[in-house]
K.L.:
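Attaching a single structure in structure tokens format; questions to follow.
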Amino acid sequence: MKKSDPPPPPDATAFLNARLVDPASGKDEPGGLLVRAGMIADLGSHLRRNAPDGAAVIDCKGHVLCPGIIDMQVFTGEPGQEHRETLKTASQAAAAGGVTTMVVMPDTEPVIDQVALVDFIQRRARDNAAVNVHIMAAMTRGLKGHDMTEIGLLKRAGAIAFTNGKSSVANTRVMHNVLLYAKDFGALIAHHTEDPHLIDGAVMNAGEVATRLGLPAAHKAAETIVLERDVRLVEITGGRYHAATISCAESLAVIRTAKARKLPVTCGISVNHLTLNENDIGPYRTFFRLRPPLRAEEDRAAMVRGIAAGDIDVIVSSHDPQDADVKRHPFAEAADGAIGLETLLAAALRVHHSGEVGLIPLLKALTSNPAKLLGLAAGRLQKGAPADVIVVDLGLPWVVDKVQLKARSKNSPFDESKMQGRVLYTMVAGTLAYQYAGMDRS
Amino acid sequence: MTSAIHPASFVRRHLLTCEGLKAGEINALLDLADKAADGNRQVIKKRDVLRGRTLINLFFEASTRTQSSFELAGKRLSADVMNMNVSTSSVTKGETLIDTAMTLNAMRPDILVVRHHAAGAVELLAQKVDCSVINAGDGAHQHPTQALLDALTIRRAKGRIAGLTVAICGDILHSRVARSNINVLNIMGARVRVVAPSTLLPAHTDRLGAEVYTDMNAGLEDADIVMMLRLQKERMQGSYVPSTREYFHFFGLDHEKLARAKPDALIMHPGPMNRGVEIASTIADHSRSVIREQVEMGVAVRMAVLEAMARQLPNH
């Protein structure tokens, strides 16, 4: 069947009347930005009002124009669990949320632990995805924590970093060897930190809430213990290490100490742990069942300070689509995980609107910091950088409606939440991947 | 005995948790239960409060005592009682819960009595059905009628609950009985202690309104009530205590430890007992043991709850 081709994109696109915010350089000034051939061709105050001839014009109406978000932790269901999410549906949610690059995790069926599977994801993403897709490959075969994967070959095939997915490597020798071996290839190891024995059977953070609810719970030290071990291993191996999602004050202290000692250690946090706490679980709401579990308010507040101070490097959505079949259960029997690509920026802006985190440090953790960690050219407003940019109305109020979210699974902890701030345009490599259509009041 | 409060002051559609109950509501139920207890000692025990109503006992977890107690309570109030024991091993867990709820709902019961091994499961089910739901135990969360029958037993034996010191001893971590009792006893003005090894205590038990003791002798000092819990071996996923021998040595109720409590202290146990594990056999049969009365009050309290709920049921 022959379809008529879409009209060729204009030679150039000019974003006029924008507030240019570049977290990498810290610049925040009025201006415009010109995109040509998928790259940022020019930017600055001289482009505030005037577009070059022939360029398509987008009037930003004074709103923020900044680099697109680079989300370092996205779970999809492709391959193997396509009913939960495909690369295509995830990328549509990403585009609507201002995420121009998503790093997909290897926790699929089969696990992404071989070159052929990296190749498969790349091809599927090329053909179907609305945003850039990179792959974090498994660092142990089948994510089982025993045998190292072909880190060198996987990296050459395009794997951007290595992880053990949703689980920690319990065997210290394996972790040691992975860090040591990965170092020779300059590969980044992003590790989930939860001691598997301490969290065995646990579904919540230990504390008053879990005690009241009568739910099996694990102490937050389960996270810090693994992190402390890993930092010690980094010290003796020199491997590049990223704690994927920390969630408590004690872990942050470990990170601070490691950084002060100039170890190649960084860390991330999921937006959920930045904006929600264990009380949100309320009457056993399974959409708030996460890994790591939501912590106490003191810990959440410490995480916000960690972002403000720049001690936490990266904010991720930890987008983890789960369908009703695995969520409509008693809390202890439900699956972990929450979707978050589309609400990532709006949720993160909560800690900005509350006055706790400046716009630049917040956007840094969403754009330039992950770019730097992953060695990507995107994540900054700079001539010659990929034209992965977004326009954001920081003040636009909206209410999350799961029906309208683009993700295939609807397990959002922010459903019915009030948000302030919304993406108006998402451009990926010079092509508009999303344009806000206004409020749907149906 | 507490002055009579109008029995209709328990006005709830479901009984899912003891958290948030009011003293007036509890007293109202206990007053009703007192009457039921008297009635249960008569030759003709049956009344027609629930005539024409259907009560379903839906048990996802094995239970002899609670299920038969609810069954008898329902029958003494003239309800049609059906027992459903859902074997959890043969089915996929949660899907069955909601499916079963919808299926049963279609059969139009008036009251569902539910026990489930997962905390919160009964609440989840209550959201899906149109009838009244009574929680007969959900995981380590709540077992409201147990706490009410304990309160009734205490009130009948001591004439009051307020001001008494109650020591709850044993596996607090996995115990819904402990949580429900901590709630009810606090609401009724008792002073609650919990006594357990640290491995069997959940985090921040103190914030639920209990003083925490890891030394049983200290925990029983001057107690009015010694409430023992079953060491629920089947729920142990790890090594919480090294051996039953060591557990009995430090946390089993024997004459020596009991001597720390007040001379007229009552001995309670929700059953079923592990003689020689958490309680010495001679203590279980002690003159101050009210363990058998607890069972009797169990039927009375469940009748009271059913009766109070019957007043809320739609009549058309």
K.L.:
Determine the minimum heavy-atom distance between A:T211 and B:A203, stating which atoms define it.
P.N.:
OG1-O, 2.5 Å

K.L.:
Does atom CZ of B:R12 have more than 12 heavy-atom neighbours, drawn from other residues, nucleotides or ligands, at distances under 6.0 Å?
P.N.:
yes

K.L.:
Quick one: CG on B:D138 to OH on A:Y284, what's the gap to the nearest 0.5 Å?
P.N.:
5.5 Å

K.L.:
Should the heavy atoms of other residues, nucleotides or ligands under 6.0 Å from NZ of A:K410 be counted, would the total exceed 12?
P.N.:
yes

K.L.:
Under 4.5 Å from any heavy atom of chain A, what part of B:R179 do you find: side chain, backbone, both or neither?
P.N.:
side chain

K.L.:
Taking side chain as C-beta onward, heavy atoms only, is A:E208 less than 4.5 Å from B:L208?
P.N.:
yes

K.L.:
Kindly compute the distance separating CG (B:L124) from OG1 (A:T286), expressed to the nearest 0.5 Å.
P.N.:
8.0 Å

K.L.:
Measuring heavy-atom distances to chain A, does B:E19 have an atom under 4.5 Å in its side chain, in its backbone, in both, or in neither?
P.N.:
side chain

K.L.:
Taking all heavy atoms of B:A118 and all of A:P330, pick out the closest pair and write down the distance.
P.N.:
CB-CB, 3.5 Å

K.L.:
Does either side chain, that of B:H116 or that of A:E333, offer a donor lying less than 3.5 Å from an acceptor on the other one?
P.N.:
no

K.L.:
How many angstroms lie between atom CZ of A:R212 and atom NE2 of B:H204, to the nearest 0.5 angstrom?
P.N.:
11.5 Å

